[in-house]
Amino acid sequence: QVQLVESGGGLVQAGGSLRLSCAASGRIFSIDLARWYRQAPGEQRNLVAQISSSGSTYYADSVKGRFTISRDSAKNTVYLQMNSLKPEDTAVYYCNAVVDSGTSYGARIYWGQGTQVTVSS
């Protein structure tokens with residue numbers, strides 16, 4: 001019913017920047033909470049950043065000051081601006097969102113398929 005599609009990943013040199021996008025489509029009344037996760041090879045999937053419907057944000061210590069999460073409610077899109085990238089940021093980045101479709105069943109959690117970010121040293 002709801003689909004999340006990430007884009008904007010790629011190969012970048014250390015110190016460079018990338019902007020990831022997560023576009024939600026389908027039956028959407030509101031996006032109550034949106035998150036970015038990442039998973040490096042052999043590692044757990046970890047929370048990178050999140051933004052609530054009120055606009056409050058959270059960042060993992062490893063990305064604080066370098067990454068910025070934002071949203072465009074009119075476009076049902078969430079962004080992750082990544083600056084001063086490091087090789088340690090190399091991972092598959094996943095979008096996650098709690099979406100209210102305006103039904104009596106309550107909000108549901110959706111995941112995107114991920115986009116690869118590779119930072120060379």
Side-chain angles (χ1 to χ4, degrees):
Q1 189 172 12
V2 174
Q3 184 179 28
L4 305 180
V5 179
E6 302 98 334
S7 62
L11 175 64
V12 65
Q13 291 183 322
S17 298
L18 286 173
R19 187 194 192 196
L20 305 183
S21 298
C22 174
S25 61
R27 187 173 180 178
I28 301 170
F29 178 76
S30 64
I31 300 177
D32 297 328
L33 186 69
R35 301 185 180 103
W36 285 98
Y37 288 80
R38 68 185 183 187
Q39 187 169 21
E43 302 292 332
Q44 299 286 333
R45 186 174 298 186
N46 296 315
L47 177 65
V48 175
Q50 71 176 28
I51 185 167
S52 71
S53 59
S54 67
S56 62
T57 58
Y58 164 85
Y59 298 95
D61 288 341
S62 59
V63 307
K64 193 174 297 182
R66 300 187 297 120
F67 291 10
T68 303
I69 188 170
S70 61
R71 69 183 190 189
D72 186 335
S73 297
K75 297 180 179 180
N76 288 324
T77 301
V78 181
Y79 305 95
L80 185 68
Q81 178 67 47
M82 306 185 295
N83 298 325
S84 302
L85 283 163
K86 305 174 181 179
E88 306 91 270
D89 297 318
T90 296
V92 177
Y93 284 71
Y94 297 90
C95 181
N96 166 275
V98 178
V99 179
D100 185 349
S101 293
T103 70
S104 61
Y105 301 110
R108 297 186 179 190
I109 300 175
Y110 297 89
W111 287 90
Q113 294 299 307
T115 184
Q116 176 70 48
V117 172
T118 302
V119 184
S120 62
S121 60

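Contact annotation: the side chain of Leu33 never approaches that of Ile51 to less than 4.5 Å [non-hydrogen atoms, C-beta and beyond]. Between Val78 and Ile69, some side-chain heavy-atom pair lies under the 4.5 Å cut-off. Residues Met82 and Ser17 form no side-chain contact, since every pair of their non-hydrogen atoms from C-beta on lies 4.5 Å or further apart. Counting only heavy atoms from C-beta outward, the side chains of Arg35 and Leu47 approach each other to under 4.5 Å. The side-chain heavy atoms of Leu20 and Trp36, taken from C-beta on, include a pair separated by under 4.5 Å. The shortest distance between side-chain heavy atoms of Val99 and Phe29 does not fall below 4.5 Å. Counting heavy atoms from C-beta outward, Val117 and Thr90 have side chains that stay 4.5 Å or more apart.
Taking each heavy atom of Ser121 and Ala14 in turn, the nearest pair found is CA-CB, 4.5 Å. Residues Val98 and Ala107 share a closest heavy-atom pair of CG1-CB, 3.7 Å. Nearest heavy atom pair, residue Ala24 against residue Ile31, reads CB-CD1, 4.2 Å. Taking each heavy atom of Leu18 and Gly8 in turn, the nearest pair found is CD2-O, 3.8 Å.
In terms of modelled atom types and a separation under 3.5 Å, the side chain of Ser101 and the main chain of Arg27 share a donor-acceptor contact. One N or O on the side chain of Glu6 and one on the backbone of Cys95 form a donor-acceptor pair closer than 3.5 Å.
Judged by a 6.0 Å distance limit and a 45° cone about the ring axis, Arg19 is positioned over the six-membered ring of Tyr79.
Side-chain contact annotation: Asp32 with Ser53, donor-acceptor N/O pair under 3.5 Å absent. A donor and an acceptor atom, one from each side chain of Asp72 and Ser70, are nowhere located under 3.5 Å apart. Using modelled atom types and a 3.5 Å distance limit, the side chains of Gln50 and Ser52 yield no donor-acceptor pair.
Ring pair Tyr94/Trp111 is perpendicular by interplanar angle, where above 60° counts as perpendicular and below 30° as parallel.
A salt bridge is defined here as a Lys NZ or Arg NE, NH1 or NH2 lying under 4.0 Å from an Asp or Glu carboxylate O, and Asp89 with Arg38 meets this definition.
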